[in-house]
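So the structure is just underneath, and the comments pick up after that.
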Amino acid sequence: MIQTVVKRDGRIVGFNEQKIMAAIRKAMMTTERGEDERLLNTITDHIAQRGQTQMTVEAIQDLVEVELMKSARKDVAQKYIAYRNQRSIARKAKTRDIFLDIVNVKSNDITRENANMNADTPAGMMMKFASETTKPFVDDYLLSPEVRDAVEHNYLHIHDKDYYPTKSLTCVQHPLDNILNCGFIAGHGASRPAKRIETASVLACISLECAQNEMHGGQAIPAFDFYLAPFVRLSYIEEVKHLEELYGEDFSELYDEPLIDYLKQPLDDLKGKDRVRQHAINKTVSRVHQAMEAFIHNMNTIHSRGGNQVVFSSINYGTDTSAEGRCVMREILLSTYEGVGGGETAIFPIQIWKKKRGVNYLPEDRNFDLYQLACKVTARRFFPNFLNLDASFNQNDEWRADDPKRYLHEVATMGCRTRVFENRFGPKTSVGRGNISFTTINIVKLAIECMKVEDKEQRIAQFMAKLDEQLELAARQLDERFQFQKTAYAKQFPLLMKSLWIGADKLGANETIESVINQGTLGIGFIGLAECLVALIGKHHGESEEAQELGLKIVTYMRDRVNDFCERYHHNYSVLATPAEGLAGRFTKRDRKEFGKIPGVTDRDYYTNSNHVPVYYKCSARHKAEVEAPYHNLTRGGHIFYVEIDGDATHNPQVIMSVVDMMDRLDMGYGSVNHNRNRCMDCGYENAQADLKVCPKCGSKNIDKLQRITGYLVGTTDRWNSGKLAELNDRVTHIDDGEQKLF
């Protein structure tokens with residue numbers, strides 16, 4: 001006797017014979033002879049009594065076909081089989097349509113979900129085919145019914161859901177010294193430890209590239225300056241030894257001689273060891289510059305993830321005060337300023353300047369000159385972004401200025417904004433750690449559902465109750481995914497779980513990663529705080545003190561609940577100011593379909609990213625910063641602040657310094673500046689001229705604007721999805737109209 005049924009999505013439900021009767025009756029009613037109640041009951045009873053205790057839907061339908069074919073009503077059997085085939089085709093139709101869009105290189109939100117992935121190439125197509133078929137599998141077999149229902153009804157979004165079955169983690173901050181000093185195996189053959197700056201640069205690239213194939217998120221180096229500095233000295237010693245061979249003299253006393261800096265100088269009037277020293281410095285600087293050029297070039301040309309996109313790479317630097325570390329920073333900045341290829345701006349790596357008082361922020365600081373250079377480079381090339389180590393929540397009591405490994409106690413970030421620092425299960429550091437996975441809550445929909453409540457206090461209370469339900473569900477879903485991820489074996493991630501993730505060096509190849517991955521974070525994100533506030537009280541936080549107060553109340557509540565989840569589930573949960581790309585429009589479209597166009601809420605093609613002031617709201621940079629600043633301390637899973645400026649910033653690095661000053665005063669964690677940058681898509685020529693139509697170099701009219709999308713740059717807006725394109729068109733500059741200045 002049949003007792004339970006396994007549905008197509010994997011759920012097990014009680015057997016209901018009425019469903020068999022309904023299906024047969026529907027087939028009978030489409031025939032000329034019509035319904036036969038006796039036969040209907042006979043077949044249903046026969047299947048119910050003689051079936052196995054538990055059966056799948058498909059197996060039960062097979063029995064119905066057999067019984068109908070055995071009966072005198074072959075006409076009913078034909079109709080039933082035809083109907084069943086039609087339902088099967090209908091279930092496959094959506095997948096077919098998506099596949100045809102990929103095959104025919106259609107530009108839509110499916111193929112343009114990720115702006116830095118070229119879905120038009122064969123490798124890109126294969127990834128999209130895999131992605132779009134994997135997601136339904138996750139829905140049907142890996143998600144709990146409650147989570148699947150929340151995703152289906154637009155309350156939750158599980159990021160990188162297509163990678164869910166692989167058990168991969170999101171991102172990691174590479175302890176590059178492990179790679180440079182020990183070498184590693186990445187496939188057939190081993191890479192030896194580095195002995196010179198050129199090798200160190202190449203190994204840094206390979207580390208990022210190989211790890212990208214093992215993870216679904218980004219790759220970062222937390223202390224690029226510290227890690228590469230020793231190889232500057234080794235290269236300098238190598239140059240001195242060349243001169244020893246040339247002159248036939250012993251200059252070994254220069255090998256470890258302290259140097260104030262590595263600066264090219266003319267050799268005129270220099271003699272003896274002074275001439276040797278400067279000659280070796282000049283040669284070393286040239287080699288470092290070439291190594292940095294190669295690093296940038298490789299990160300923009302070496303493809304990963306099946307060969308269809310470059311690595312989502314970031315490098316953090318700024319606090320190494322040694323002569324060698326300063327040389328690395330200076331040359332990476334100068335190479336970035338010059339551009340790649342035909343002089344175009346490099347998309348990757350995202351560069352992040354770690355700003356710190358006493359090190360590089362004030363005129364008397366050792367690295368202040370490099371900070372000035374960083375601002376000059378940003379004014380032309382968008383990067384570096386600026387990470388404020390002086391923010392109250394970015395400090396570590398163990399940091400010491402004289403500690404040669406002080407970078408271990410400095411926060412580092414992914415360029416998109418992901419932040420990992422606090423740790424309940426190990427050292428407070430960014431090194432060797434990353435995000436495990438994250439999920440975003442659609443707080444706008446929760447607010448829309450409360451709009452009909454007339455009393456404002458009751459409306460907000462109802463919203464908070466709904467928010468609490470989704471927070472509980474998101475935390476449970478992340479734990480469920482964690483429990484699945486932890487069953488992976490170390491051998492599935494040959495680089496990550498051997499040389500990169502903290503504690504992984506102690507794992508055997510056939511051991512699971514369970515004992516180490518809790519060093520990472522689980523992020524609960526949110527999107528559309530501005531639209532949420534408009535739905536609740538009629539204004540967003542950029543235009544209303546009351547809205548700002550409510551916005552802080554909402555995100556503070558999220559932070560407090562996340563802390564509760566840390567205790568309950570024993571994970572490093574954090575609140576993430578979600579860097580939504582495809583999600584920015586996906587949530588909105590579905591909510592608009594359900595609720596219609598609501599002014600200030602669903603009337604645009606996107607929701608505002610996380611806690612940002614809407615891009616279309618005209619205000620000064622100072623006002624925008626004052627509104628967004630308090631959220632940085634609350635969103636320790638990651639955040640970013642942007643300022644949009646107009647015109648050519650190339651000759652005005654002081655504007656960039658003013659933004660960093662403002663971040664310092666307002667206790668902000670991470671931010672950057674957006675500005676004009678035109679790019680000729682035919683020859684690569686760039687300038688900052690407003691509304692450039694024709695390339696002055698080659699005459700092409702194929703001009704695009706280089707733009708930042710969610711923390712990283714995109715070389716062409718052709719790959720942007722409709723939601724982000726709509727947001728781009730709405731962006732306004734942050735200038736005080738009365739004073740015509742930024743601040």
- Without swapping roles, check the side chain of Ser207 against the backbone of Leu203 for a donor-acceptor pair under 3.5 Å. no
- Note on the structure: Between Gly318 and Asn367 the two heavy atoms that sit nearest each other are O-ND2, 3.2 Å
- Taking Asn423 for the side chain and Pro427 for the main chain, is one N or O donor matched with an acceptor at less than 3.5 Å? yes
- Can you list every pair that meets salt bridge (charged side-chain N to carboxylate O under 4.0 Å, His left out) and has a residue in residues 341-351, with sequence neighbours left out? none
- Do Asp320 and Ser322 pass the side chain to side chain donor-acceptor pair (under 3.5 Å) test, and can you show the C-alpha distance, the side-chain angles, and the key distance before you say yes or no? CA-CA 6 Å; Asp320 187 349; Ser322 71; 2.9 Å; yes
- Can you name the salt bridge (charged side-chain N to carboxylate O under 4.0 Å, His left out) partners of Lys355, sequence neighbours left out? Asp390, Asp664
- Query: Rounded to the nearest 0.5 Å, how far apart are CG of Asp225 and CD1 of Ile221?
  - Reply: 10.5 Å
- Taking Thr635 for the side chain and Gly637 for the main chain, is one N or O donor matched with an acceptor at less than 3.5 Å? no
- Identify whether NZ of Lys or CZ of Arg in Lys167 sits under 6.0 Å from the centre of the six-membered ring of Phe484 and within 45° of that ring's axis. yes
- With no hydrogens and no angle check, do the side chains of Gln219 and Ser314 hold a donor and an acceptor under 3.5 Å apart? no
- Message: For the backbone of Pro222 and the side chain of His174, can you confirm whether one donor and one acceptor N or O come within less than 3.5 Å of each other?
- Response: no
- Do any N or O atoms from the side chain of Asn518 and from the backbone of Glu514 form a donor-acceptor pair under 3.5 angstrom? no
- Message: Between His216 and Cys171 (side chain of the first, backbone of the second, donor and acceptor by atom type, cut-off under 3.5 Å), is there such a pair?
- Response: no
- Query: Do Asn388 and Tyr670 have side-chain N/O donor and acceptor atoms under 3.5 Å apart?
  - Reply: no
- Check the pair Asn435, Thr521 against side chain to side chain donor-acceptor pair (under 3.5 Å), reporting the backbone distance first and the verdict last. CA-CA 5 Å; Asn435 181 257; Thr521 62; 3.1 Å; yes
- Please report the shortest heavy-atom distance between Ser335 and Glu293, naming the atom on each side. OG-CG, 3.5 Å
- Message: Pairing donors with acceptors under 3.5 angstrom, does anything connect the side chains of Glu511 and Tyr489?
- Response: no
- Query: Under the 3.5 angstrom rule, does the side chain of Ser430 hit a backbone N or O of Ala412 as a donor-acceptor pair?
  - Reply: yes
- Message: Donor-acceptor pair, distance only, cut-off 3.5 Å: does the side chain of Arg433 make one with the backbone of Gly520?
- Response: no
- Query: Which word best sums up how the rings of Phe224 and Tyr317 line up, parallel for under 30°, tilted for 30 to 60°, or perpendicular for over 60°?
  - Reply: tilted
- Query: Which heavy atom in Pro384 sits nearest to a heavy atom in Ile352, and how many Å separate them?
  - Reply: CB-N, 4.1 Å
- Is it possible for you to check whether Lys405 lies under 6.0 Å from the centre of the six-membered ring of Phe226, through NZ or CZ, and within 45° of that ring's axis? no
- Ignoring hydrogens and angles, tell me if any N or O in the side chain of Gln212 forms a donor-acceptor pair with the backbone of Gly217 under 3.5 Å. yes
- Query: For Leu234, which residues count as a side chain to side chain contact (heavy atoms under 4.5 Å, CB included) partner, sequence neighbours excluded?
  - Reply: Phe231
- Can you tell which of Ile315, Ile197, Val202 makes a side-chain contact (heavy atoms from CB on, under 4.5 Å) with Phe295? Ile315
- Task: Verify the distance criterion only: is there a donor paired with an acceptor across the side chains of Gln689 and Asn678 at less than 3.5 Å?
- Result: no
- Task: Without swapping roles, check the side chain of Thr170 against the backbone of Ile436 for a donor-acceptor pair under 3.5 Å.
- Result: yes
- Item | Side-chain donor-acceptor contact under 3.5 Å, Thr578 with Thr440 | yes
- Query: Which atom pair, heavy atoms only, marks the closest approach of Thr166 to Gln492?
  - Reply: O-NE2, 4.2 Å
- Item | Straight-line distance of Leu333 CG to Met292 CE, nearest 0.5 Å | 11.0 Å
- Query: Is there a donor in the side chain of Ser286 and an acceptor in the side chain of Lys264, or the other way round, less than 3.5 Å apart?
  - Reply: yes
- Mark yes when over 12 heavy atoms from residues, nucleotides or ligands other than Lys486 sit less than 6.0 Å from its NZ; otherwise mark no. yes
- Message: Which residue is it: Arg679, Arg380, Arg381, Lys697? I am looking for the one with a side chain to side chain donor-acceptor pair (under 3.5 Å) to Glu686.
- Response: Arg381
- Message: Other residues, nucleotides and ligands only: do more than 12 of their heavy atoms fall within 6.0 Å of NZ on Lys161?
- Response: yes
- Any idea which heavy atoms bring Thr439 and His159 closest together, and the distance? CA-CD2, 4.0 Å
